[in-house]
Each structure stands twice: as C-alpha cells, then as structure tokens.
Amino acid sequence: MTTSTRAPLPTPEQDVQRDLVAPILDWYDEHARDLPWRRPEATPWSVLVSELMLQQTPVSRVLAVHEAWLQRWPTPAALAAEPSGEAVRAWGRLGYPRRALRLHAAAVAITTEHGGEVPADHAALLALPGVGEYTAAAVAAFAFGQRQVVLDTNVRRVLARTVTGTELPPRSLTRAERDLGAALLPADPPTAATWSVAVMELGALVCVAERPRCEQCPVRDACAWQLAGAPSYDGPPRRVQTYAGTDRQCRGRLLAVLRETEGSVDKARLDVVWDDDVQRERALASLLADGLAVLTDEGRYALP
DNA sequence: CAGCCGTGGGG
DNA sequence: TCCCCAAGGCT
C-alpha cells in the first residue's frame, strides 16, 4: 500500500500510550476483581456508597457491609427516610463513622435537591457531604462513564513509580500530579474511565505500598522507578498514626456500646469501657458535637 | 494545611 | 508485639 505521507515520529504522548496505558488496560481486562460496585447493573447509588465506604478502608472489609447496606437502602430516598443513627449502626466496624453520617446527609441532599437521583455532575457531587475531589471524580467516572482525572492513593503511587521514578508520591496532592494525571488520561470517555479504575486496581493488587509485586507488573520494563534501581523513599518521614490510648480509640469504644444497643444506655454503661475519666468525657462530648451520639431527656445516651 | 477522625489484617 | 497502612474528607 502507498502512503502519501511518512508516519510521523512518535510523540511522547504516543510513547506513554504504548508503554503505559495500553499494557495497564490489557492487564486490567484480565485481572480486574469482580466487585459488586463494578458490575454493569450497579447503580450510581451503589457506586457512591462504595466510594464512601472505601475511603481509608480495605475492600475486604467493605464487601459485606456494602451488600447489606444496598439491600436495606437500595435508593438514597430509602436511607434518607431513616434516622441518621441507623446509618451509624449499619456502618458497623468499618471505622471513621462520621462517614456514615455524611452518607446519610448525602442521601438527604440527593433526595431533596436532586429528585432522588445521584447527580452526574462533578460540581454537584462535590457539594455532597463526604464527597471530596477524589470521590466526585470517581463517581463521575465509574458510575457515569465520564472522563475524569481520578487521583487516589493507588493512582498516585503508580504514577510516582512508573513516571516520576519515586517510590512514593508527595505527602499532599501536587499540581504536577494533577497535570500528569490529565496528560495520561485517554481522550475517549469510556476508555478514560476504564483507565482510571485500571490504574487503581494495579496499585491495589500489584504496585502496592509495601513489597510491590513487580514481577507481576505489566509495565515493569517501562517503570521509571525500576529503571532507576528502585531507590527507596527519601522524603520526610511519614507520620505514624498512633491509636492505642488516643481519643479515637476511646470514641470507638463508646460508639460501639451505642451501636450494639437498641434505644438508649445509662451513662454507667459508657463509663466502664474507658478508665481515664477526663479523656472519656472529652471523647463523649466530641461524639455529641459530631452528631454521632445524642443525650436524651432522661440523661441517657443513644445514636441519633 | 497539619492534624484529626476507626478498625483490623498482614508481615 | 509492633508497625504499616487501606478507593479521603474536613477544619
């Protein structure tokens, strides 16, 4: 065949498409987990619920709670019709229970302001309680197939390694990372959405934070971090989050009592789960302030 | 923007 | 045991 023009030299974008994007899309096609919120029949509400639950919480612990949640509240309106305390109770031990409150508040907002339908618009999603930049982009992409830059901890780590050549991304999201994410995003919206979930999956299953399974990685040969000899992270030390003895642990103990109790409890029931009086009172006050607990007219405590 | 907000599994 | 950290958001 004859061509009237010589094929142009590959641009950097085309190199990236060939070396990074295509292999990761192929890898995802073969290795993607079958997760409920990824199935074709998954509703935007199911996706939104999953995203809130997955914030800082592993998939393995989300699965059962997500299923029970969707069974009980298949629509935002169904959840909005119940007291927020029921959301907190059904949240179980997923952690960060304020997320349950935010999800309930989001359900109320969706019901009252969006006719009961999860909005598809990024700005409208962002306005929902508990929905930040990441979650808004994720829902727009995964529930509605939009072309969005989705930058979660997995994506940031994969891009840091494969493109930037560092073991870990910066502590906070940088302009450079946003630009990089935008530059890599395929032009076609459905492909872009798949790309976003594919990079996340690679980060979750292969390009993990500790002991990455590089031997399984589809882009190992193109990985800047590998090509640089896999230098270890040299930034400022990452803050280790202490937990034992903290207010967080104390709040968790107190809320567990309320969660396991139908109705209200006497304060003595709370006093026995934490020895330090000062810390316990402070934690209880913070739960009340957060709206995770209420004080009844009888001086007892309960979920809202 | 640094600090805070839960919980449990794996190495 | 202890340490790391897992699809962030909010103030």
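These numbers come from the heavy atoms of this one structure, side chains and all, not from hydrogens, waters or symmetry mates. Reminder, nothing fancy here: chain letters follow the sequence lines and each chain counts from 1. Remember, it's a predicted structure, so these values are computed and weren't measured experimentally.
Looking at heavy-atom distances under 4.0 Å, A/Ser172 makes no contact with the nucleic acid at all. Here A/Trp37 lies in heavy-atom contact (under 4.0 Å) with a base. Nucleic acid contact for A/Gly132: sugar-phosphate only, since backbone atoms but no base atoms lie under 4.0 Å from a heavy atom of the residue. Within 4.0 Å (heavy atoms only), A/Arg259 reaches sugar-phosphate atoms of the nucleic acid but no base atom. A/Arg38 comes within 4.0 angstrom of a base, heavy atoms only. Among the heavy atoms of the strands lying under 4.0 Å from A/Thr153 are primed sugar atoms or P, OP1, OP2 only; no base atom is included. Residue contacts for A/Ala138: at a heavy-atom cut-off of 4.0 Å it reaches no nucleic acid atom on any strand shown.
Salt bridge status for A/Arg89 with A/Glu82: absent, with no side-chain N to carboxylate O gap under 4.0 Å. Classification of A/Asp277 and A/Arg280 as a salt-bridged pair holds, one side-chain N sitting under 4.0 Å from a carboxylate O.
Looking at residues 51-80 of chain A, you'll see A/Gln56, A/Thr57, A/Arg61 sit with a heavy atom under 4.0 Å from some atom of DNA chain B.
Rounded to a whole Å, the CG atom of A/Leu254 is 10 Å from the P atom of B/dT7. Look at CD on A/Gln249: it is 16 Å from P on B/dC4, rounded to the nearest Å.
Shown here are the ring pair (Phe, Tyr, Trp, His ring centres under 6.0 Å) partners of A/Trp69, two or more places apart in sequence or in another chain: A/Trp73, A/Trp91. Checked against ring pair (Phe, Tyr, Trp, His ring centres under 6.0 Å), A/His114 has no partners two or more places apart in sequence or in another chain.
Dashed line: the shortest gap from a side-chain N or O of A/Arg251 to OP1 or OP2 of B/dG6 is under 4.0 Å. Dashed line: the shortest gap from a side-chain N or O of A/Arg171 to OP1 or OP2 of B/dG3 is not under 4.0 Å.
The same atom, P, is picked in C/dA7 and in B/dC5; the two are 22 Å apart, to the nearest Å. Taking atom P on both B/dG6 and B/dG10, the two are 23 Å apart, rounded to the nearest angstrom.
Cluster partners of A/Tyr233 are A/Leu168, counting Ile, Leu, Val, Met, Phe, Trp and Tyr whose side-chain heavy atoms approach within less than 4.5 Å, directly or via other members.
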Scan the side chains in residues 282-297 of chain A for donor-acceptor partners under 3.5 Å anywhere in the protein, sequence neighbours excluded, and list what turns up.
| unit_1 | atom_1 | unit_2 | atom_2 | d |
| --- | --- | --- | --- | --- |
| A/Arg282 | NE | A/Asp247 | OD2 | 2.8 |
| A/Arg282 | NH2 | A/Asp247 | OD1 | 2.8 |
| A/Arg282 | NH2 | A/Asp247 | OD2 | 3.4 |
| A/Ser286 | OG | A/Arg251 | NH1 | 2.8 |
| A/Ser286 | OG | A/Ala283 | O | 2.7 |
| A/Asp290 | OD2 | A/Arg251 | NH1 | 2.9 |
| A/Asp290 | OD2 | A/Arg251 | NH2 | 2.9 |
| A/Thr296 | OG1 | A/Glu298 | N | 3.2 |
| A/Thr296 | OG1 | A/Glu298 | OE1 | 3.3 |
| A/Thr296 | OG1 | A/Arg300 | N | 3.0 |
| A/Thr296 | OG1 | A/Arg300 | O | 3.3 |

Identify each donor-acceptor pair in which a side-chain atom of residues 188-199 of chain A lies under 3.5 Å from a protein atom, sequence neighbours left out, and give them as a table.
| unit_1 | atom_1 | unit_2 | atom_2 | d |
| --- | --- | --- | --- | --- |
| A/Asp188 | OD2 | A/Thr191 | N | 3.2 |
| A/Asp188 | OD2 | A/Thr191 | OG1 | 2.6 |
| A/Thr194 | OG1 | A/Pro190 | O | 3.1 |
| A/Ser196 | OG | A/Ala192 | O | 3.1 |

